[in-house]
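Read through the structure below, which is laid out as structure tokens, and then see the notes.
Scope of the values below: all heavy atoms of this structure, side chains included, with no hydrogens, waters or symmetry mates. For ligands, and for the atoms within them, numbers begin at 1 and follow the listed sequence. Please read all numbers here as calculations on a predicted model, not as lab measurements. Note that the numbering runs from 1 along the sequence shown for the chain.
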Amino acid sequence: MTTTPMSTSPIRITDVAPRDGLQNEPAPIPTADKAALVNALARTGVDEVEVTSFVSAKWVPQLGDAADLCEMVAASKPTGAVYSALVPNERGLGALLAANASAEATAGSRVIDKASVFTAASETFSTKNTNASIAETIARFRPVITRAHDAGLATRGYVSCIVACPFEGPIAAGAVADVASQLLRLGVTEIDLGDTIGAATPESIAQVIMAVRPMCDAAGADLVLHLHDTFGRASECIGVALELGVRSFDASAAGIGGCPYASTPDRRAPGNIATLALLDAIEAAGYAHDVDRAALQDAGQLALDAIARAGAMP
Ligand code: HMG
Ligand code: MG
């Protein structure tokens with residue numbers, strides 16, 4: 001497909017390195033290093049930083065410090081910055097709201113602006129990732145979304161395995177649309193389509209976007225694309241998504257990342273598209289962005305150094 005943008009509407013970029021980027025790292029990374037990464041990313045010009053997850057530390061030990069991290073970054077959060085965090089259930093949202101209350105008391109304003117719930121278009125992945133069927137996750141999210149909105153937060157609904165599942169293989173675009181429509185009925189303010197294992201091709205990503213975009217438009221919800229870059233096709237898929245009207249993308253500084261529950265015995269889950277590669281794809285399609293490449297490079301190096309130091313610790 002050729003890329004001929006009809007408008008220069010602003011592109012939204014969320015850097016997910018502190019969450020998706022670090023969640024699969026086996027060696028514990030000090031909370032201060034994560035805080036330095038969040039602070040650095042917030043000053044690169046990206047629109048949003050996905051800071052952490054309020055999930056069970058038994059399931060994702062690396063992110064067991066979510067509350068401490070939020071406390072550490074609250075005071076240094078730049079004015080106008082948008083921070084988000086994942087929540088799998090009501091308990092996670094309760095912890096997020098407690099972090100916000102604490103930040104309001106100490107720093108004068110909340111720290112997390114968006115609560116992100118996550119489910120999948122694959123039953124097997126949903127069960128492995130959250131110990132719940134897709135229907136059970138949707139039921140879990142209902143009170144979470146209501147309470148998040150009551151607290152003035154935006155909400156993101158992730159759908160994983162939008163093209164393929166590491167356990168079930170190919171996933172039909174109709175299955176993705178079905179889950180997205182259930183999330184939209186809960187009232188999420190955006191749908192985030194996750195190509196969890198980087199299986200997307202320009203053709204398959206176009207099918208999914210065309211199946212989901214009309215329902216997002218009808219609901220007044222944003223559509224976000226979250227690509228992992230296993231086979232080096234993510235940039236091409238970004239170009240196709242831009243042609244099809246998608247204006248919001250996730251990426252990870254230095255391309256780190258991957259879901260621990262997408263790994264199989266012979267393959268560790270792949271990283272997100274690198275934020276610098278996303279910038280290249282956006283520019284190649286003729287769009288502008290406000291990200292400072294040098295600052296982003298430095299933030300990515302911070303992440304790589306923190307991972308290397310943690311791995312080197314006895
Ligand atoms: P469960 O074992 O079914 O639930 O886990 P449970 O209620 O029995 O809880 C287990 C333990 O966790 C209990 O502790 C709970 O209290 C505790 P214990 O009593 O045994 O000491 N617990 C919690 N602790 C802290 N925060 C909470 C919380 N909830 C329960 N919110 C559960 C169910 C959903 C909790 C679990 O499966 C879980 O945490 N899963 C998270 C998995 C995850 O984070 N995966 C990565 C994110 S998704 C992703 O990466 C894909 C994405 O990037 C898009 C893409 O690429 O496709 C978003
Ligand atoms: Mg991911």
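- Residues V159 and A121 share a closest heavy-atom pair of CG1-N, 3.8 Å.
- With hydrogens and angles ignored, the 3.5 Å screen pairs no side-chain donor or acceptor of H228 with any backbone N or O of T230.
- The closest heavy-atom contact to atom 3 (O) of ligand 1, among the options N131, T130, D250, I162, comes from N131.
- The shortest N or O to N or O distance between N89 and ligand 1 is under 3.5 Å.
- Annotation: E168, atom CD; neighbour count of heavy atoms from other residues, nucleotides and ligands within 6.0 Å is above 12.
- Counting only heavy atoms of the protein, atom 58 (C) of ligand 1 lies nearest to R19 NH2, 3.4 Å.
- Closest to atom 21 (O) of ligand 1 among all protein heavy atoms lies K58 NZ, 2.8 Å.
- In the model, S204 has a side-chain atom that pairs as donor or acceptor with a side-chain atom of T201 under 3.5 Å.
- Within 4.0 Å of atom 9 (O) of ligand 1, not a single protein heavy atom is present.
- Atom 5 (O) of ligand 1 has W59 NE1, 3.4 Å as its closest protein atom, hydrogens excluded (heavy atom only).
- Shortest contact from atom 16 (O) of ligand 1 to any protein heavy atom: R91 NH1, 2.4 Å.
- A 6.0 Å sphere centred on CG of D292 holds more than 12 heavy atoms belonging to other residues, nucleotides or ligands.
- Residue Y158 has no N or O atom closer than 3.5 Å to an N or O atom of ligand 1.
- Between L22 and K34, some side-chain heavy-atom pair lies under the 4.5 Å cut-off.
- Atoms of ligand 1 lying under 4.0 Å from any heavy atom of H228, numbered from 1 in the order shown and given with element: 56 (O).
- The shortest non-hydrogen separation linking Q23 to Q62 is O-CB, 3.8 Å.
- For atom 12 (O) of ligand 1, the closest non-hydrogen atom of the protein is S56 OG, 3.0 Å.
- In terms of polar-atom proximity, defined here as any N/O pair under 3.5 Å, P88 makes no such contact with ligand 1.
- Taking any N or O of R140, backbone or side chain, none lies under 3.5 Å from an N or O belonging to ligand 1.
- When rounded to 10 degrees, the angle formed at the Mg ion (ligand 2) by OD2 (D20) and NE2 (H226) equals 80°.
- Taking atom 50 (O) of ligand 1 as the reference point, the nearest protein heavy-atom neighbour is Q23 NE2, 2.8 Å.
- By the neighbour-count criterion of 12 heavy atoms within 6.0 Å, atom CD of Q297 is sparsely surrounded, having that number or fewer from other residues, nucleotides or ligands.
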For Y83 and R110: C-alpha separation, side-chain torsions, deciding distance, then whether side-chain hydrogen bond (donor to acceptor under 3.5 Å, both in side chains) applies. CA-CA 10 Å; Y83 286 176; R110 72 185 179 200; over 6 Å; no

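- When N129, L227, L96 are ranked by how near their heavy atoms come to atom 48 (S) of ligand 1, first place goes to N129.
- At a cut-off of 3.5 Å, with distance as the only test, a side-chain donor of D65 or T31 sits close to an acceptor on the other residue.
- A donor atom on one side chain and an acceptor atom on the other are not found under 3.5 Å apart for E104 and N100.
- Within the 4.0 angstrom cut-off, atom 45 (N) of ligand 1 has one or more protein heavy-atom neighbours.
- Of the polar atoms of D195, none of the N or O atoms is found under 3.5 Å from an N or O of ligand 1, judged by distance alone.
- The side-chain contact (heavy atoms from CB on, under 4.5 Å) test with V73 singles out one residue from V49, I112, V38, T52, and that residue is V38.
- Here the closest non-hydrogen pair linking I197 and F231 is O-CE1, 4.3 Å.
- Residue-level proximity to ligand 1 for E136 is absent, since no heavy atom of it falls below 4.0 angstrom.
- Ligand-side atoms of ligand 1 in range of G92: 31 (N), range being under 4.0 angstrom from any heavy atom.
- When hydrogens are left out, the protein atom nearest atom 25 (C) of ligand 1 is V55 O, 3.3 Å; that is the closest non-hydrogen contact.
- Not one N/O/S atom of D250, from backbone or side chain, sits under 2.8 Å from the Mg ion (ligand 2).
- H228 contributes atom NE2 as its closest N/O/S atom to the Mg ion (ligand 2).
- Taking a cutoff of 4.0 Å between a charged side-chain nitrogen and a carboxylate oxygen, E90 and R142 do not qualify as a salt bridge.
- Those atoms of ligand 1 with a heavy atom of H226 less than 4.0 angstrom away are 53 (O), 54 (C), 55 (C), 56 (O).
- At the shortest separation from atom 54 (C) of ligand 1 among protein heavy atoms lies S160 OG, 3.4 Å.
- Under 4.0 Å from ligand 1, the heavy atoms of V60 that appear belong solely to its side chain.
- A salt bridge links D250 and R156; the closest N-O separation between the charged side-chain nitrogens and carboxylate oxygens is under 4.0 Å.
- Distance remark: protein heavy atom present below 4.0 angstrom from atom 40 (N) of ligand 1.
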